[in-house]
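Data block below; observations after.
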Amino acid sequence: MRGLTRRAGLALVLIAVAPAAGAGDSDPDYGLAPAKVADGIYVLWGRQEALTQANGANIANAAFVVGSDSVLAVDAGPTRRYGEQMLAAIGAVTDRPVATLVITHHHLDHSFGMAAFAAAGAEIVIHAEALPALDRDSEILLANMNELIGPDWLAGTAIGAPTRLVRAPETVDLGGRAVRILAFAGGHSPGDLAVIDEATATLIAGDLVFMGRAAAVLHADIPTWLDQIDHLAAMGWRRLIPGHGPLVGAPAELDPLRDYLGFVEDFPRRSHGRGDSPLEALMVPLPPRFAALAQIEAEYQRAIFSQFNKFDRLDTATPPPPE
Ligand SMILES: [Zn+2]
């Protein structure tokens, strides 16, 4: 198993996700209900579940910030249908137009609803490093999504083209309300954006922060990610909206995330260094402190395979020529 190929690893990753079940509604409804968490800040809470036909892949949080001129949305959900229903949910809160959609990163549960916002005339902002990943992975992920959640949820879903790429922090004025977009490369994913609303000191962190759910590390560089979490923790926010899980009220609440990421970096590295296979690594019981995390079994299995693949690639990388 030591020589497990990337393709085999990907296959294992895919079967770790729960299969679709039952017949779908031809016009399924996500039942999105914006929850106000601060003045002008609303969250659409995703479920701490796997992607299933029952939940239509509504597993990640999305949010929006209402200014006096316009609305800035953060993430678009997993399907065009989600994006359309999110726009309707925003419209029930405010009549201001959604001028900007910030896609925090390329992962499908955050990004695949973007075409609905493009159709509504919003500017679509994404990290420059996220675009190649979106272009590379979208087609196969759409096909896999079709198997997992079924065609009814996915109707009309196509990956729209982002209209603005970001690599450095910038400020968007929503009309008397300054919202800052922060850019992070190579942590959770190739390119992550976060948003901070200065008026309420609310940080919308995307998948740089997972709460109560095992963090997804398939595209991560964990040491870089941990540095980015330290940076976010020191920003002086009053509340943080994570990509998955409930509201965070203080930086110390990020410690369990740091603990899990540190374990998922260090344990497979040591196991790989001893010559274990991924399956041998998976036979070692997880420390009980991680047992309560949602999706721990599937995410941990994925983490072990992706980390072993990474260490295998590092082992076989050609050393640099002598200077
Ligand atoms: Zn993600």
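In each ligand, atom 1 is the first atom listed, and ligand 1 is the first ligand listed. Since we're looking at a predicted model, the values are computed, not measured. For the single chain, residues carry numbers from 1 onward in sequence order.
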Assess the side chains of T202 and R239: does a donor N or O sit below 3.5 Å from an acceptor N or O? yes
Can you tell me how the ring of H244 sits relative to the ring of H110, calling it parallel under 30°, perpendicular over 60° and tilted otherwise? perpendicular
Look up atom CD1 in I204 and atom OG1 in T104, then write down how far apart they are to the nearest 0.5 Å. 10.0 Å
Describe, in one word, how the ring planes of F308 and H272 are oriented to each other, choosing from parallel (under 30°), tilted (30 to 60°) and perpendicular (over 60°). perpendicular
Could you name all protein N, O or S atoms found under 2.8 Å from the Zn ion (ligand 1)? H105 NE2, H107 ND1, H188 NE2, D207 OD2
State, without any angle test, whether D137 and H107 hold a side-chain donor-acceptor pair at a distance under 3.5 Å. no
Do H127 and D192 have side-chain atoms, one donor and one acceptor, less than 3.5 Å apart? no
